[in-house]
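First up is the structure itself, then whatever we jot down about it.
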Amino acid sequence: MTQPLAPGKTLGILGGGQLGRLIAEAAKGLGYRTAALDGSIHSPALQVVDLPIIGPVDDAVAAMKLAEASDLVTLEWELIPVKILENVAKARPTFPEPSVLGLIQDRLIQRNFLARHGFPQTAYGEADTALGWNYPVIIKRRTYGYDGKGQCRLMKESDAPKAAEVLKAPCVWEKFVDFKAEISVILARGRGGEIAAYPVAENVHRGGILHSTLAPARIPKDVAANAVALATKIAHALGHVGVMAVEMFLLHDESLLVNEIAPRVHNSGHYTLGACATSQFEQHVRAVCGLPLGSTAQTAPAVMINLLGDLWAKREPRWSVVEAIPGAKLHLYGKPDARPGRKMGHYVVVGPGAAAEFERADARLAAMSA
Ligand code: ATP
Ligand code: MG
C-alpha cells in the first residue's frame, strides 16, 4: 500500500486548466509543493504551481518529466492517453489509476461499462451506420468531446445528414432524454474505498455548456439519496480514487439516468469552495494523497454561475455587478484570451439568497456585459 504523501512533498498534476489551478491552490493549503504540466506557461494552473512544466499533456516524454518532478501524480483532464498514464504510474504513485480512465475516455466504453453493471442510462449504440438509431437522438463523438462540442441533435431520420461533420470521427448515438432536471453528484473515494459525497447539485446547461449550479438541488430527499447511492456504486465499480462527478438526468417520474462520469473534480462542484467544510479540490488532494477525507457538510445554500468568454465581447465585464451581490465570490482563471464559449471564471454566492441568484443569473450576466 502506498504511504500517504507527507506535507512538503510534491503533488504533480497532469493538465493545466482551471481545475488544475484550484487543485494546486488546495494542495498548497495542505502543505504540499505542486507541479503541473501544460502546453503554455500562461495556462491557469502553471501560473500558480511551484514547478510549472511546459509540454503537451498527451505527450509521453512531457508526462514523464512531470512524474520525475513529483512524488505523486494526479490529473485534471480525463483524456490523457492510458498508455502514457500507465508509464507515469510505473514511475510514481498515480491516482486515479490508469484503468479508471480506460473505462471512461471513450463514450462507448463508458456506456458499455454502465450497462455491464446495470446502471440506468438512456438507450445508446455505436453510430457507425445510421441503422437502429432511436430518434430523437444525440450523436456524440466517442472521444475528445467536452462542453457539448462534437455533438449533434437529430429529431427525425430525415435530419441525419446534419450529423455528417460530427460523424467524421467515431460516434455513439444516444436517445434524447426528456428530463425534468439535470443533477450531479460530486463525491470522493479514498484509497481504502471510503466515500464522502457532497449535497446533490442541480445544473442548468446552455448549448451543452454548464451555465449554473444550485446546491442543494431542489429535489426530494429520497431522490437525492438515490442519486448518491448510484454514484457511490459507480465509484466502487470503477475503483476510482479521488473526486469524481456523475452527471444525471432526473426524469418526470423521479427516476434517474446516468448521463456521464467525470473521473475528476467537476465544474458543478465549484460551489463546494466556499459553501462546504472541505472543497472538492481539497477533498481530491486528500483522497489521492491518502489523507482522511474531510467533512462535506454544506454551511448554507450556494449557487455557482459560469463566466464564459462571450461576456468579454465588448470589454472587460462590469465586476461591480458581482461585487454588489451579498456573499458573492469571484474566481477568475487567468486565461489570457476570452473566446466565446470559453470558461473564463465563475462566481459563487453562498447564503440564503442563493436560490434567488440562481433565477437571476441571466439578468446579472446581462448587466455585467451591458
Ligand atoms: P461536459 O463534459 O462538458 O459535461 P459533454 O460535451 O461531455 O459535456 P454531455 O454531458 O454529454 O456533453 O452533454 C452536454 C449536455 O447536453 C448535457 O448536460 C445535457 O444538457 C445535454 N444532453 C446530453 N445528452 C443528452 C441526452 N441523451 N438527452 C438530452 N439531453 C442531453
Ligand atoms: Mg456533461
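Keep in mind the model is a prediction, meaning the values are calculated, not measured. Any value given below was found using the heavy atoms of this structure, including those in side chains, with hydrogens, waters and symmetry copies removed. Counting starts at 1 for both ligands and their atoms, in listed order.
Of all protein heavy atoms, the one closest to atom 13 (O) of ligand 1 is Q151 NE2, 3.5 Å. In this structure, the protein non-hydrogen atom closest to atom 1 (P) of ligand 1 is E260 OE2, 3.3 Å. Counting only heavy atoms of the protein, atom 16 (O) of ligand 1 lies nearest to R153 NH2, 3.4 Å. Taking atom 7 (O) of ligand 1 as the reference point, the nearest protein heavy-atom neighbour is R107 NH2, 2.8 Å. For atom 3 (O) of ligand 1, the closest non-hydrogen atom on the protein side is D147 N, 2.8 Å. With respect to atom 18 (O) of ligand 1, the closest heavy atom belonging to the protein is E182 OE1, 2.7 Å. In this structure, atom 30 (N) of ligand 1 lies nearest to the protein heavy atom F179 CE2, 3.6 Å. Distance from atom 15 (C) of ligand 1 to its nearest protein heavy atom, with residue and atom name: G208 CA, 4.0 Å.
For ligand 1, one of its N or O atoms has an N or O atom of N259 under 3.5 Å away. Annotation: V177 places an N or O atom under 3.5 Å from an N or O atom of ligand 1; distance criterion only. Not one N or O of T122 is nearer than 3.5 Å to an N or O of ligand 1, by distance alone. Looking at H266 next to ligand 1, no N or O pair under 3.5 Å apart turns up.
For ligand 1, the atoms lying closer than 4.0 Å to a non-hydrogen atom of K175 are 27 (N). Remark: ligand 1 atoms within the under-4.0 Å shell around heavy atoms of F176 are 28 (N), 29 (C), 30 (N). Against a heavy-atom cut-off of under 4.0 Å, K140 is close to the following atoms of ligand 1: 9 (P), 11 (O), 23 (C), 24 (N).
F358 places a side-chain heavy atom less than 4.5 Å from the side chain of V204.
Judged by the shortest distance from any of its heavy atoms, R206 lies outside the 4.0 Å radius around the atoms of ligand 1.
If you check the side chains of H42 and Q47, you find no donor sitting under 3.5 Å from an acceptor. No side-chain N or O of N306 forms a donor-acceptor pair with one of K343 less than 3.5 Å apart. With 3.5 Å as the limit, one finds a donor-acceptor pair spanning the side chains of Q121 and R111. Side-chain contact of D106 with Y144: a donor-acceptor pair under 3.5 Å is absent, judged by distance alone.
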(request) Step by step, work out the side chain to side chain donor-acceptor pair (under 3.5 Å) result for H346 and N267. (result) CA-CA 9 Å; H346 67 269; N267 196 169; 5.6 Å; no

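Of the inter-residue distances, the one linking I53 atom CD1 with E68 atom CD reads 9.0 Å to the nearest 0.5 angstrom. If you take CG on D59 and CD1 on I80, they are separated by 12.0 Å, rounding to the nearest 0.5 Å. Separation of atoms OG (S268) and CG (L214) is listed at 12.0 Å; rounding is to 0.5 Å. Atoms OG1 and CG, on T129 and L131 in that order, are 3.5 Å from each other to the nearest 0.5 Å.
By the criterion of a heavy-atom distance under 4.0 Å, neither the backbone nor the side chain of K343 is placed next to ligand 1. Only side-chain heavy atoms of E247 come within less than 4.0 Å of ligand 1; its backbone N, CA, C and O stay farther off.
When each of H331, H266, H270 is paired with F281, the ring pair (Phe, Tyr, Trp, His ring centres under 6.0 Å) condition holds for H270 and for no other.
Here the shortest heavy-atom pairing between G190 and L293 reads N-CD1, 4.1 Å.
Rounded to 10 degrees, the OE2-metal-OE2 angle spanning E247 and E260 at the Mg ion (ligand 2) equals 90°.
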